[in-house]
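Quick notes on the structure that follows.
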Protein chains: 4
Amino acid sequence: MGSPSTAARVSAPRRHRAVPAAATRFDRRLAEILTHATEVFRKKGYEGASMRDLSRASGMSLAGLYYYFESKERLLFLIQKHTFTTIVQRLKARLEGVSDPETQIRIFILNHLEYFLANPASMKVLSHEAEALKNGFASEVAAIKREYYRICVGLLDDLKRARGLQFSTRIAVLSLFGMMNWIYTWHNSRVDADAEQLAGEMSDIFLRGVMTGAKGRR
Amino acid sequence: MGSPSTAARVSAPRRHRAVPAAATRFDRRLAEILTHATEVFRKKGYEGASMRDLSRASGMSLAGLYYYFESKERLLFLIQKHTFTTIVQRLKARLEGVSDPETQIRIFILNHLEYFLANPASMKVLSHEAEALKNGFASEVAAIKREYYRICVGLLDDLKRARGLQFSTRIAVLSLFGMMNWIYTWHNSRVDADAEQLAGEMSDIFLRGVMTGAKGRR
Amino acid sequence: MGSPSTAARVSAPRRHRAVPAAATRFDRRLAEILTHATEVFRKKGYEGASMRDLSRASGMSLAGLYYYFESKERLLFLIQKHTFTTIVQRLKARLEGVSDPETQIRIFILNHLEYFLANPASMKVLSHEAEALKNGFASEVAAIKREYYRICVGLLDDLKRARGLQFSTRIAVLSLFGMMNWIYTWHNSRVDADAEQLAGEMSDIFLRGVMTGAKGRR
Amino acid sequence: MGSPSTAARVSAPRRHRAVPAAATRFDRRLAEILTHATEVFRKKGYEGASMRDLSRASGMSLAGLYYYFESKERLLFLIQKHTFTTIVQRLKARLEGVSDPETQIRIFILNHLEYFLANPASMKVLSHEAEALKNGFASEVAAIKREYYRICVGLLDDLKRARGLQFSTRIAVLSLFGMMNWIYTWHNSRVDADAEQLAGEMSDIFLRGVMTGAKGRR
DNA sequence: GATGAATGAGGTTTCATTCAT
DNA sequence: TATGAATGAAACCTCATTCAT
């Protein structure tokens, strides 16, 4: 997962494939480029990064890049889609068989932060460049984002029902996303705790915040 | 506050000034431009916005803009510095005379969100373009940010001491900033609650989260 | 006529004009550029001419050109529209007060060839690049062309009626245009006759061809 | 005629050939490509058509095309040379045994228009892209064109001599070419007459024009 | 016989900025 | 105070073409 071969499968290359499951040379090369591009976008931002920057970073000629994707925008799209798809996939696998709402939410947070800290560049590009895509590209990523959001809303609504709590799910969920996604602005791997501990602390703050004394309120 | 005259004082214009405190025509004109520019940066991002966009939005010629500031980067700097300075100023005024840590934190959150929802464009530009400035500009804004951060850390440490709590102040503060600053990505004034209510709900989540069951832990 | 000032009036510059009849400095500069561009398009064709070629020919920087028109396509449009408009204008003036159909057709041909030989570059660009424009640009030029064509059809129908002739007006008119417009492929001012004589000979061929022995036919 | 085998003979392929008269697979494949390319050049113009367009149209890979001809320019050359050669060939065959100058000219016109309407794309590419070739390619096509032009001049001079007429042969011939070659700009097979009728009407206009009342003139 | 992969050069256009007025 | 005119640099992208396979 997160391996080049997966990235490749996500990338919808322009050629038909007799054996879609196999990672072709094209796929592997594309995945390499995506990795370099992600790092450049992280450092300079999508608008601030030039195709020349990407060319330099990936060691491929400017024109060569266009053999692998038809526009800078599609490149960002591929990165965002792959990142988001992977997170959602992993989440679903981890939630399978778990039924306690609180545990589920802790898994949600852990899954998010683990991926975040393991792929900080991808996650910054996903979080920070959310508005950079347009039209078809934008809507396709937005669809995944909505699914992810919906899952979280579902878990929180389960929790509310199970514990008889009352609070605004929308605000709670969006606050949680804020806590988690803001990490890209401050996390320093040499100073800050690892994903598990961070997830624990954020889960504590969030879950206690949401579960305490909210029974009769509102 | 937030008036043209304040903006002007922040802006360090190039002309000599007999009476620096008075809002000159220069100051007022600059403030207008800043307002338009903020809106353009919000919509298109700093890198994505061109000087031509700013010219169009402010109804002034491209060359005319340069009479008021010497570069696009300095323009962003003026916006960020003014915004941040104003928030900190207001916060200090509001905290004056308050001594209960919980109340102080609630004031901190309310102050932040009130300004946020009253000046959503400024706040998005402050949050989202935090890395766009370089060198001298960057460090001057970073200094204010650090002061603001320090204030929040102080309040939280007071709370911990007062209530005998134990948690990572750093993570708590940064989580709180995440909750608050992420708002620019989702707040919809036609759907979402006003600043006071929002501040209440976020304060509840955060404070309960931080104050509950954290006594003996860690 | 055909002077820079006329060209300017045709060019629909981007600014409002208090006194539309006056040729501003902008207009004059634009007209100069159009003249150079026409020559480059004649030599290399519209597709074959690069903006760099135009920059070189007009002695202005690449970026400077874009101050005067927003795209290469619009530049071609301005040339074609001005050329065609001028021809039609002159034709109308010359036809005024003339009522004999044969004389009118001779005037039509003379007008066309005089302009052609006086402005060979413009006319080649008009004739040869008829399909290069797209959408709005194309349709605006097509409208003038249709008017010009309609005038010629009208003259020929008058002739037919007056002399009791019978032939296909469409084919006659389009043959005439072919004779005249093909000139850009072969006319050599050092070898070939001047406009008046050329017009005389073409008029003879065409009119005799169309007026001879066609009474009872078809 | 006009068959792949002819195209092949015209094309001077790079391979050795045991039996040059036979249409090899190479020749047939090349002829197919030429057909597709002609259509693309007609639609987009020589400069406006990219090798990628040709690749798409012919269903062959970009690199594959280069097995059949070494450059885009040579491709245009092959098209033009084949087209022109074929026209001249056919003309010569048709003129054989005919001695009346008027009949000969009518045959010339019919031959031209028949080929024109049967191969509109080739003829547009021949007429419209006359200046696109350079150096050796250009001169080789120019040679055929000159021969074709000379034939027409010969026929007209015969007519003049036979009927004691006086007019400029050069202008007459070039007017005739104009009438005929301009067709590509307007002919619509759903509206306009077929080649025979069109040739008849153009021949009438031209021959009457040239043969009427020109005896004592000039 | 044909192609996937790659490239240097160059395409059109936009950028932030300047300067004489 | 403000702008029209202009520019060098650089943006994204496409071009015809090549070469190992």
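Every chain is numbered from 1, with letters handed out A, B, ... down the list of sequences.
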May I have the distance from [X] (atom [atom1]) to [N] (atom [atom2]), rounded to whole angstrom?
| X | N | atom1 | atom2 | answer |
| --- | --- | --- | --- | --- |
| C:Leu62 | F:dA6 | CG | C1' | 12 Å |
| B:Tyr68 | F:dT1 | OH | P | 6 Å |
| A:Leu65 | E:dG8 | CG | P | 12 Å |
| A:Leu76 | F:dC12 | CG | P | 13 Å |
| A:Phe69 | F:dC12 | CZ | C1' | 12 Å |
| B:Glu73 | E:dA16 | CD | P | 12 Å |
| A:Glu32 | E:dA5 | CD | P | 13 Å |
| C:Arg28 | F:dA6 | CZ | P | 12 Å |

Could you tell me whether the phosphate oxygens of F:dT17, OP1 or OP2, come under 4.0 Å of any side-chain nitrogen or oxygen in D:Tyr66? yes
Contact under 4.0 Å: C:Arg29 side-chain N or O vs F:dG4 OP1/OP2: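 Looking at the OP1 and OP2 atoms of F:dG4, neither is under 4.0 Å from any side-chain N or O of C:Arg29.
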Quick one: the dot-bracket string of DNA chain F, using Watson-Crick and G-U wobble pairs with both distances under 3.5 Å, [ ] for crossing pairs and | for bases paired to another strand. .||||||||||||||||||||
Strictly below 4.0 Å, heavy-atom distances to any atom of DNA chain F: list the hits from residues 40-56 of chain A, or just say none.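 Result for residues 40-56 of chain A: A:Ala49, A:Ser50, A:Met51, A:Arg52, sorted by number.
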Is the shortest side-chain N to carboxylate O distance from D:Glu140 to D:Lys81 below 4.0 Å? yes
Short N-O contact, C:Glu131 and D:Lys124, less than 4.0 angstrom: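 Salt bridge present between C:Glu131 and D:Lys124.
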Out of [options], whichever nucleotide has its closest atom nearest the side chain of [X]:
| X | options | answer |
| --- | --- | --- |
| B:Ser71 | E:dT17, F:dC13, F:dA16 | E:dT17 |
| B:Arg25 | F:dA16, F:dA6, F:dT1 | F:dT1 |
| A:Met60 | E:dA2, E:dA6, F:dA2 | E:dA6 |
| C:Lys72 | E:dA2, E:dT12, E:dA16 | E:dT12 |
| D:Tyr67 | E:dG1, E:dG4, F:dC13 | E:dG1 |
| C:Ala63 | E:dA16, E:dG1, F:dG8 | F:dG8 |

With a 6.0 Å cut-off on the ring centroids, do A:Phe77 and A:Phe69 count as close?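 So the answer is no for these two rings.
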Side-chain ([X]) to main-chain ([Y]) donor-acceptor, under 3.5 angstrom:
| X | Y | result |
| --- | --- | --- |
| B:His128 | A:His128 | yes |
| B:Ser55 | B:Met60 | yes |
| C:Glu73 | C:Lys134 | yes |
| B:Gln80 | B:Val125 | yes |
| A:Glu129 | A:Tyr46 | yes |
| C:Arg42 | C:Ser122 | no |
| D:Lys44 | D:Glu39 | no |

Please compare A:Gly64 and D:Ser61 by the position of their nearest nucleotide in DNA chain E and report the one closer to 5'.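 Comparing both residues, the 5'-ward one is D:Ser61.
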